[in-house]
Amino acid sequence: MSGRLIQPQPGPQERFLASPADIAIYGGAAGGGKTWALLAEPLRHLGVPGFSAVIFRRTSVQVRNEGGLWDEAQGLYPALGGVPREASLEWRFPSGARVRFAHLEHDKNRLDWQGAQVPLIGFDELTHFSKGQVFYLLGRNRSTCGVRPYVRATTNPDPDSWVADFIAWWLGDDGYPMPERSGVVRWFVHLEDVLYWDDSPEALRARLGDGVQPKSATFIAANVHDNRVLLDHDPAYLANLDALPRVERERLKHGNWHARADAGTFFRRAWLPVSGAPPADGRRVRAWDLAASPDGDWTVGVRLARDGDGVFHVEDVERLRGTPGEVERAVQAVARRDGTGTTVVLPRDPGQAGVAQVRWLAAGLPGYTVRARSQTSSKQARAAAVSAQAEAGNLRLVDGPWVEPFIKELEAFPQGARDDQVDALATAFNALCDGTRPAAGQGRIKGVY
């Protein structure tokens, strides 16, 4: 076994790993060393035969992602004799102790753990799980190996999650964590889906009766400035956070649990200067957002170019309502006008129908480069990177009759009645940035967790 010293960083990470609470929640911002802390928590028990820990993410893909749980564990567990079993996403240690990674993609998956007995349960990104999933798993948090059962979790802010209510006492009226309350332990009882809180278990029993079994909980706030290891190895990470749109920046850099997207948050008229002519060179794509019916949303095609200086230019926007046949003919006509040098990007919705639609439209575009992009994340998530470019002054509009309705829709997003043009713009931008790494301050952000 290696003689390497494994220890938390001073400050919030150290307090999280030393907390006596039954449930400790860590983070509330990006870059605070959350994943490392969660992986380090089981290490204290590796000499206990029969000990096991399960750390959950919402999907198995998230477990295996670069920089995720499985990836990070490879740099930590082998030094302590851990042997990986990738097929089962499990690490086994010489004492017989085990650490397993698992997913709870759907609410019904919680029933897979019926009858399980897990001394340490971890949740990576707690806001990704429903309250029902988490409290069901609390019933599986039990032990016969001698380790007192407990729960550890990490999180980023989400004002619409049940977690925001759970940790409300640790937050100020402005949504920011209160430093003087970070790490303070409180007690709660969960009865009939209602949480009752107090400063001690005795106080709760006095209110609710001697038969209740209070649990202790705490929230320990941390942000990127608490993670000197990250900042020393990747000083540009702060620039990544600064380049996020305002709402994401408030949440992920500053830990604001009240930050929400309102009209004018993603795009403002002042960020969208109108220029006289398209760039002479650069890569071009025409991305389409396809309406589901001819009398509802608009079918929209946005042509976007990126010049040699890294500036993005919206050159043209086409909008129509039509039958599937009319949409097909319009896509073909616009492609002929754009020329074969412009890549056609089509949205691929989940399911067989989405795949069939892409194949049908692509079949009518022989000689053109056609790409499909999956639309699995939220509209706001897809628009985040191009919003950051607009705020940074790296997005311009080529003058045309489409400009005014385009700006009005962007300014109203995400509260406006329509978002078809925003969707098409985001698809075009993300397709144009595939495989590239913009300079610091630009909007394609990688590795923000």
Side-chain angles (χ1 to χ4, degrees), residues 30 234-253 261-287 289 300-317 338 341-343 345 371 373 377-400 402-414 419 421-448:
D234 186 7
Y237 188 79
L238 272 175
N240 285 355
L241 294 177
D242 286 333
L244 289 168
R246 289 174 182 269
V247 171
E248 282 78 5
R249 188 164 64 244
E250 274 295 303
R251 293 180 185 177
L252 298 179
K253 183 179 181 183
D262 297 314
T265 299
F266 277 78
F267 300 97
R268 298 182 183 179
R269 184 177 292 268
W271 299 351
L272 301 167
V274 179
S275 60
D281 56 4
R283 293 176 58 217
R284 284 177 169 80
V285 301
R286 169 81 70 170
D289 182 69
V300 175
V302 169
R303 190 174 77 207
L304 185 68
R306 186 180 190 182
D307 66 24
D309 296 324
V311 176
F312 296 85
H313 303 258
V314 183
E315 298 181 319
D316 179 64
V317 177
D338 290 342
T342 298
T343 298
V345 182
R371 295 171 58 192
R373 288 189 64 88
S377 57
S378 70
K379 293 175 182 287
Q380 293 182 30
R382 295 200 298 272
V386 68
S387 166
Q389 286 287 335
E391 186 180 3
N394 294 327
L395 183 68
R396 298 172 189 170
L397 313 182
V398 176
D399 197 12
W402 54 269
V403 166
E404 188 58 27
F406 182 76
I407 292 177
K408 286 182 177 178
E409 183 176 305
L410 264 62
E411 279 195 303
F413 181 77
D419 53 25
Q421 296 181 88
V422 179
D423 271 357
L425 172 64
T427 300
F429 177 84
N430 293 323
L432 205 53
C433 287
D434 276 357
T436 66
R437 296 273 321 247
Q442 295 188 7
R444 184 167 168 79
I445 307 303
K446 296 188 177 182
V448 176

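Bear in mind that the values here come from a model prediction, so they are computed numbers and not experimental data.
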query = With Arg286, which of Thr342, Asp316, Thr343 fulfils side-chain hydrogen bond (donor to acceptor under 3.5 Å, both in side chains)?
reply =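 Option passing the side-chain hydrogen bond (donor to acceptor under 3.5 Å, both in side chains) with Arg286: Asp316.
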
Set of residues satisfying side chain to side chain donor-acceptor pair (under 3.5 Å) with respect to Arg251, sequence neighbours excluded =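 With neighbours one apart ignored, the set is empty.
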
inquiry  = Once side chain to side chain donor-acceptor pair (under 3.5 Å) is applied, do any residues pair with Asp399, and if so which ones, sequence neighbours excluded?
reply    =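 For Asp399, no residue satisfies side chain to side chain donor-acceptor pair (under 3.5 Å) once neighbours in sequence are set aside.
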
How many angstroms lie between [atom1] in [X] and [atom2] in [Y], if you round to the nearest 0.5 Å?
X      : Y      : atom1 : atom2 : result
Asp242 : Arg249 : CG    : CZ    : 7.0 Å
Gln421 : Asp289 : CD    : CG    : 10.0 Å
Ile407 : Leu410 : CD1   : CG    : 8.0 Å

inquiry  = Going by salt bridge (charged side-chain N to carboxylate O under 4.0 Å, His left out), name the residues that satisfy it together with Asp419, two or more places apart in sequence or in a different chain.
reply    =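 Once residues adjacent in sequence are excluded, the partners of Asp419 under the salt bridge (charged side-chain N to carboxylate O under 4.0 Å, His left out) criterion are Lys379.
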
inquiry  = Run the salt bridge (charged side-chain N to carboxylate O under 4.0 Å, His left out) test against Arg284 and tell me which residues pass, sequence neighbours left out.
reply    =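 Scan of Arg284 (salt bridge (charged side-chain N to carboxylate O under 4.0 Å, His left out), adjacent residues dropped) gives Glu315.
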
message = Could you walk me through whether Arg306 and Leu304 satisfy the side-chain contact (heavy atoms from CB on, under 4.5 Å) test, starting with their C-alpha distance in whole Å, then the side-chain angles of each, then the deciding distance to 0.1 Å, before giving a yes or no?
response = CA-CA 7 Å; Arg306 186 180 190 182; Leu304 185 68; over 6 Å; no

ask   = Are the side chain of Asp307 and the backbone N or O of Asp309 linked by a donor-acceptor pair below 3.5 Å?
value =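 Flag set: sc Asp307 to bb Asp309 pair under 3.5 Å.
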
message = Has Asn430 got a side-chain atom pairing as donor or acceptor with Arg382's backbone, closer than 3.5 angstrom?
response =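 Between the backbone of Arg382 and the side chain of Asn430 there is a qualifying donor-acceptor contact (under 3.5 Å).
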
inquiry  = The criterion is ring pair (Phe, Tyr, Trp, His ring centres under 6.0 Å); which residues satisfy it with Trp271, sequence neighbours excluded?
reply    =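 Result, ring pair (Phe, Tyr, Trp, His ring centres under 6.0 Å) vs Trp271: none returned.
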
ask   = Using the ring of each side chain (for Trp, its six-membered ring), is Phe267 parallel, tilted or perpendicular to Phe413, with breaks at 30° and 60°?
value =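 Answer is tilted, since the angle falls between 30° and 60°.
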
message = side-chain contact (heavy atoms from CB on, under 4.5 Å) for Leu272 and Phe406? Distances and angles first, verdict last.
response = CA-CA 10 Å; Leu272 301 167; Phe406 182 76; 5.6 Å; no

Nearest heavy-atom pair of [X] and [Y]: which atoms, and what distance?
X      : Y      : answer
Pro279 : Ala305 : CG-CB, 4.0 Å
Ser387 : Thr265 : OG-O, 4.5 Å
Ala431 : Arg371 : O-NH1, 3.4 Å

message = If we check side-chain contact (heavy atoms from CB on, under 4.5 Å) with Val302, which of these qualifies: Val345, Val285, Val314, Asp423?
response =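 By the side-chain contact (heavy atoms from CB on, under 4.5 Å) criterion, Val302 pairs with just one of Val345, Val285, Val314, Asp423: Val314.
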
inquiry  = Go through it in stages, so that I can follow the logic: the residues are Asp338 and Arg303, the test is side-chain contact (heavy atoms from CB on, under 4.5 Å), and I'd like the CA-CA distance, side-chain angles, deciding distance and then a yes or no.
reply    = CA-CA 9 Å; Asp338 290 342; Arg303 190 174 77 207; 2.7 Å; yes

query = side-chain contact (heavy atoms from CB on, under 4.5 Å) between Val317 and Val300: does it pass, once the steps are laid out?
reply = CA-CA 7 Å; Val317 177; Val300 175; 3.9 Å; yes

query = Please, which pairs that meet salt bridge (Lys or Arg N to Asp or Glu O under 4.0 Å) have at least one residue in residues 264-276, sequence neighbours excluded?
reply =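 Applying salt bridge (Lys or Arg N to Asp or Glu O under 4.0 Å) to every pair that reaches into residues 264-276, excluding sequence neighbours, yields Arg269-Glu404, Arg269-Glu411.
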
